[in-house]
Amino acid sequence: MVRYKSKIGWILVVVILLLLLAPIFQLLKNPVSIGPIYLLLPALFIGYIFVSTYYEIGNGVLRVKSGFLLNRSIPISSITKIEATKNPISAPATSFDRLEVFYNKFESVIISPKEKRAFIAHLKQLNPKIQDNTGL
């Protein structure tokens with residue numbers, strides 16, 4: 001299996017840092033309060049999702065993994081096309097520089113591999129019928 005890490009976009013990193021810094025600042029300002037801890041937990045969860053999002057290609061399958069929330073296996077033979085997208089919809093992608101992978105008849109998944117060209121080339125090597133509409 002070849003693992004491709006998810007690209008991490010700086011805009012999303014800034015949002016996470018702000019989510020982390022606000023509760024930490026409040027804890028330093030008022031160490032008795034428990035409220036900032038409740039704010040810190042979602043930020044830590046988002047950070048966990050960032051570091052645990054990746055894509056694997058092997059055994060004829062594209063595996064999309066995002067923490068414990070998503071573990072999808074897509075047969076590479078069912079992939080029909082790949083398009084570039086900046087769609088901000090919630091997805092197992094940690095950047096807005098994204099690819100939409102279409103498979104089966106009406107299904108798709110939005111991902112953000114760090115090495116997009118190598119990722120696409122690897123998929124096309126395994127399934128030459130994949131349409132590459134990314135312009136890369």
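Please read these numbers as outputs of a predicted model, since none were measured by experiment.
- Arg63 pairs by the side-chain hydrogen bond (donor to acceptor under 3.5 Å, both in side chains) definition with Glu56, Asn71, not counting sequence neighbours.
- The ring pair (Phe, Tyr, Trp, His ring centres under 6.0 Å) contacts involving residues 90-119 comprise Tyr4-Phe119, where partners must be two or more places apart or lie in separate chains.
- Under the salt bridge (charged side-chain N to carboxylate O under 4.0 Å, His left out) criterion, Lys81 pairs with Glu83, sequence neighbours left out.
- By the side-chain hydrogen bond (donor to acceptor under 3.5 Å, both in side chains) test, Ser6 pairs with Tyr55, Thr94, Ser112, sequence neighbours left out.
- Note that CD1 of Ile76 and CD of Gln125 are 10.0 Å apart. Values are rounded to the nearest 0.5 Å.
- In the hydrophobic cluster analysis, where Ile, Leu, Val, Met, Phe, Trp and Tyr join through side-chain heavy atoms closer than 4.5 angstrom, Val61 is grouped apart from Ile120.
- Residues Val2 and Leu62 share a hydrophobic cluster, clusters being chains of Ile/Leu/Val/Met/Phe/Trp/Tyr side chains in contact below 4.5 Å.
- Ile110 and Ala93 get closest at one heavy-atom pair: O-CB, 4.1 Å.
- Between Val64 and Val101, the closest side-chain pair of non-hydrogen atoms is not below 4.5 Å.
- In this structure, CD1 in Ile111 is found 11.5 Å from OG in Ser66, a value given to the nearest 0.5 Å.
- Crowding of Lys65 atom NZ: a count of heavy atoms from other residues, nucleotides or ligands under 6.0 Å exceeding 12.
- Using a 4.5 Å cut-off on side-chain heavy atoms (C-beta onward), Leu123 and Asn127 make no contact.
- Applying the salt bridge (charged side-chain N to carboxylate O under 4.0 Å, His left out) definition to pairs two or more places apart or across chains, none involves residues 38-50.
- Residues that satisfy the side-chain hydrogen bond (donor to acceptor under 3.5 Å, both in side chains) test with Thr85, not counting sequence neighbours, are absent from this structure.
- Through ILVMFWY side-chain contacts below 4.5 Å, Tyr54 is grouped with nothing and stands alone.
- Clustering ILVMFWY residues whenever any of their side-chain heavy atoms sit less than 4.5 angstrom apart, transitively, puts Leu18 in the very cluster that holds Leu44.
- Pairs passing the salt bridge (charged side-chain N to carboxylate O under 4.0 Å, His left out) check and including a residue from residues 4-13, sequence neighbours excluded, read Lys7-Asp97.
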Quiz: residues 128-136 side-chain donor-acceptor pairs under 3.5 angstrom, not counting sequence neighbours:
unit_1: Asp132; atom_1: OD1; unit_2: Thr134; atom_2: N; d: 3.0
unit_1: Asp132; atom_1: OD1; unit_2: Thr134; atom_2: OG1; d: 2.5
unit_1: Thr134; atom_1: OG1; unit_2: Leu136; atom_2: N; d: 3.3

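- Screening residues 15-25 for salt bridge (charged side-chain N to carboxylate O under 4.0 Å, His left out), with sequence neighbours left out, gives no hits.
- Taking every heavy atom of both residues into account, Ala91 and Arg98 meet most closely at CB-NH1, 4.0 Å.
- Evaluation of the side-chain hydrogen bond (donor to acceptor under 3.5 Å, both in side chains) rule for Ser108 yields Glu100 as partners, not counting sequence neighbours.
- One hydrophobic cluster holds both Trp10 and Ile8 under the rule that ILVMFWY side chains link at heavy-atom gaps under 4.5 Å.
- Side-chain contacts under 4.5 Å among hydrophobic residues (ILVMFWY), followed directly or transitively, place Phe45 together with Tyr48, Ile49, Phe68, Leu69.
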